[in-house]
There are 2 protein chains.
Amino acid sequence: MKLKEFAAQIGLSPTTVSRALSGYPEVSDATRRRVEEEAIRLGYRPNINAVRLATGRAGAIGIVMSQAGQHQFSEFMIGMAERLSKNDIDILVTPMAQDGSRDELQIYRRLAESRRVDAIVVHSPKPDDPRIALLSKLKMPFLVHGRSHTKIAHAWLDIDNEDAIRRATNHLLDLGHKQIGMLNGPTGLTFTRDRASGHRMALEQRGLGYRDDLVLHGEFTDEIGFRNAMRLLSRQDPPTAILAGSMMTALGVYRAARSLGLSVGSDLSVVAHDDVFPFLTAENMAPPLSTTRSSLRSAGGRVAELVMRLLSGSDASEIGELWPTELILRDSSRPIKEGGKE
Amino acid sequence: MKLKEFAAQIGLSPTTVSRALSGYPEVSDATRRRVEEEAIRLGYRPNINAVRLATGRAGAIGIVMSQAGQHQFSEFMIGMAERLSKNDIDILVTPMAQDGSRDELQIYRRLAESRRVDAIVVHSPKPDDPRIALLSKLKMPFLVHGRSHTKIAHAWLDIDNEDAIRRATNHLLDLGHKQIGMLNGPTGLTFTRDRASGHRMALEQRGLGYRDDLVLHGEFTDEIGFRNAMRLLSRQDPPTAILAGSMMTALGVYRAARSLGLSVGSDLSVVAHDDVFPFLTAENMAPPLSTTRSSLRSAGGRVAELVMRLLSGSDASEIGELWPTELILRDSSRPIKEGGKE
DNA sequence: TTGAAAGCGTTACCAC
DNA sequence: GTGGTAACGCTTTCAA
């Protein structure tokens, strides 16, 4: 059923019907109610493509899905999708086949130029991210999940990585650990830098130095977590505690500890960052894992809200939120053993 | 830049340009080449919403994202997205907040009626799935990832769950295991039924019976895997081998074994189904995990192709593919220990 | 092989 | 508060 037919059937003009259904103020309450009821009764639904053509809005928000961090991705996207569906806005997912950074920019360019989306969510930013420059130049509204340090104003939402790791490090220092290993994210990303910075702050506050040799970098997978933990724990002078960048990393760390005959908790303390996945929970690990926690799903929902705010005219420079994290102590972090190793 | 301007600039009619860019046969090769080059040079791109309005196509395929199995979901979606992006088709993700089955149907109904998608991918089907009846009634093209046993013809792609588990069970029987536990999926789903059936086939072929008390059901999470494995392993007469439904389930099984002081491989054999995730690999587990393997990402890509075939007029009843799985033996499945327990 | 013009189903500007 | 009508930017029939 088309607008014209529907309007004719209920004896109103297409204009009025359109206005009633779109919530314009100039329609009388009685008319609006009647139109809404009749629309349901007669099964009228506006053609979404016609609406989009007429309004010039795409009705969708774009997000580029990278191979790395995909388990995080889906959790974040659920959060976005839940929020956006209330406003009838779609999520358009674009995959990134290769990870050459030139290709990556091309994908963003195409997405922006095709005008299939009203805004784009950028994730895992670098301190001076070329995607931000590009989207800004193309005048495509965007929001950064994370932060960048470019001069270009941009809307963003980030968790306080620096504070999270600072507190986690402090916690381990309080327990008496002096040699703390850290499995950080890939070099070059803002959050990796922020976490390093938080770690450094905590150490220096106690008169200890940041130890380049105890901080390893890599993606947040079980495998890389394992390998890097093995490297740390096979040292002459191994750390007595490890900060793991993610739950997957922590799985690898637990495995490494076991394979070396170390007991997590008593021989090796572990604290990880937990994005809160329904399929893998810190509490269920053996032993239960101490974490810095922040819900990726909630972040996704909030990002969706902020993007909509952006689209309704807010200035990008006015949008920026730093979320605190929780530090949750469980059984994987314990006071250092007296008497050293063996 | 609009079609009209662009056409004027290169001295052709909008009609010809449209045809050239859309690959219609009646345009001369020389003209087409020229139009294509100029489009790139001048940066002309058709307005996607206008195209969609004019053609009546939504240019998107819908998929409903359930909370359960979300780590599988994103892997499957990457596969779809990679394939669809070549044809400029979007994926529209709709979240499912609650999991009441009435709500679920409503979501599919809304998605279908809104005409925002040209087709819908249905996953985790039941033997007689109401979503199939609904979409069929609404005349919305759809493809089932998995299978159903309803009379309604439907396009589908599934992996051979029955054969996979039959072979995995045979493998364990060959190793001398007589008591085999199984952590299957949620009851009521087709694949759960198929896996049970494969398990039964293998057992009965050796004159053994299917043991209801050794087969537990639940979603594929680490936590449920752990709990169910604990239940099995705490029996008076515990199984010497366990079939785990997924990698996450296997994580839970390994954990359960460890917490009971059992060594996976020598004390307890484990075989799991592996959907091939980049962030968690069977080979890296300790010990390396024997698996039945089938790439969820490849399946997503193929589903995308089949959906496009469906949209270009193929009959749903002609589309159906059963994919074999690989059985990969690693170190988690070994001959049963002589001499029984202790 | 190319072009003119009539849709596609809305929205939004102007009148009333 | 309501209605007429010109966009929105493309595709597709029909004619040349």
Side-chain angles (χ1 to χ4, degrees), chain A residues 1-36 38-39 42-60 87-90 113-118 311-313, chain B residues 1-36 38-39 42-60 87-90 113-118 311-313:
Chain A
M1 162 127 40
K2 318 179 176 183
L3 173 58
K4 221 170 164 179
E5 300 172 42
F6 174 61
Q9 283 201 29
I10 63 174
L12 283 171
S13 75
T15 313
T16 303
V17 171
S18 169
R19 282 199 277 239
L21 257 28
S22 306
Y24 278 55
E26 57 260 60
V27 182
S28 79
D29 265 13
T31 306
R32 185 193 311 285
R33 248 194 307 276
R34 192 174 132 236
V35 172
E36 282 168 351
E38 294 283 25
L42 297 175
Y44 167 71
R45 283 175 160 285
N47 176 309
I48 192 89
N49 291 320
V51 173
R52 288 174 179 177
L53 176 59
T55 59
R57 279 180 243 123
N87 287 252
D88 234 38
I89 296 178
D90 302 330
E113 287 178 342
S114 73
R115 294 281 146 189
R116 274 183 304 199
V117 295
D118 297 317
L311 289 178
S312 63
Chain B
M1 162 127 42
K2 318 180 177 183
L3 174 57
K4 218 171 164 180
E5 299 171 44
F6 174 61
Q9 283 200 31
I10 64 173
L12 283 171
S13 74
T15 312
T16 303
V17 171
S18 168
R19 284 199 275 238
L21 258 27
S22 307
Y24 279 55
E26 58 261 58
V27 181
S28 80
D29 265 14
T31 307
R32 185 192 310 285
R33 248 194 306 277
R34 191 174 134 236
V35 172
E36 282 169 352
E38 294 283 25
L42 298 175
Y44 167 70
R45 282 177 163 284
N47 176 310
I48 192 88
N49 291 318
V51 173
R52 288 173 180 178
L53 176 58
T55 59
R57 278 181 243 123
N87 287 252
D88 236 41
I89 296 179
D90 302 329
E113 287 179 342
S114 74
R115 296 280 146 189
R116 273 183 305 197
V117 295
D118 296 317
L311 289 178
S312 62

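Note that the structure is a prediction, hence the values are computed from the model and not measured. Protein chains get the first letters and strands the later ones, always in sequence-line order, with residue 1 at the start of each.
Between B:N47 and B:A50, the shortest heavy-atom contact is OD1-N, 3.0 Å. When every heavy atom of B:R115 is checked against every heavy atom of B:A58, the shortest pair comes out as O-CB, 3.8 Å.
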When the side chains of residues 23-30 of chain B are checked against the rest of the protein, which donor-acceptor pairs come out under 3.5 Å, sequence neighbours left out?
unit_1: B:S28; atom_1: OG; unit_2: B:T31; atom_2: N; d: 3.2
unit_1: B:S28; atom_1: OG; unit_2: B:T31; atom_2: OG1; d: 2.6

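When DNA chain D is scanned 5' to 3' for any atom under 4.0 Å from a heavy atom of chain B, the first and last hits are D:dG9 to D:dT13.
In this structure, the separation between CD1 on A:I10 and CZ on A:R34 is 5.5 Å, given to the nearest 0.5 Å. Between the CZ atom in B:R52 and the CD1 atom in A:I48 there is a gap of 10.5 Å [rounded to 0.5 Å].
Panel note: side chain B:T55, backbone B:V51; a donor-acceptor pair is recorded below 3.5 Å. A donor-acceptor pair is defined here as one N or O able to donate and one able to accept, closer than 3.5 Å; such a pair exists between the side chain of A:D118 and the backbone of A:G59.
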### Query
Which letter, B, S or -, goes with each nucleotide of nucleotides 4-10 of chain C from 5' to 3', with contact meaning a protein heavy atom under 4.0 Å?
BB-BBBB
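A:Y24 has a side-chain polar atom (N or O) that falls below the 4.0 Å cut-off from OP1 or OP2 of C:dA12.
A:R57 CZ: 12 or fewer foreign heavy atoms inside a 6.0 Å radius.
When each of A:V17 and B:L12 is assigned the nucleotide of DNA chain C bearing its nearest heavy atom, the one mapping closer to the 5' terminus is B:L12.
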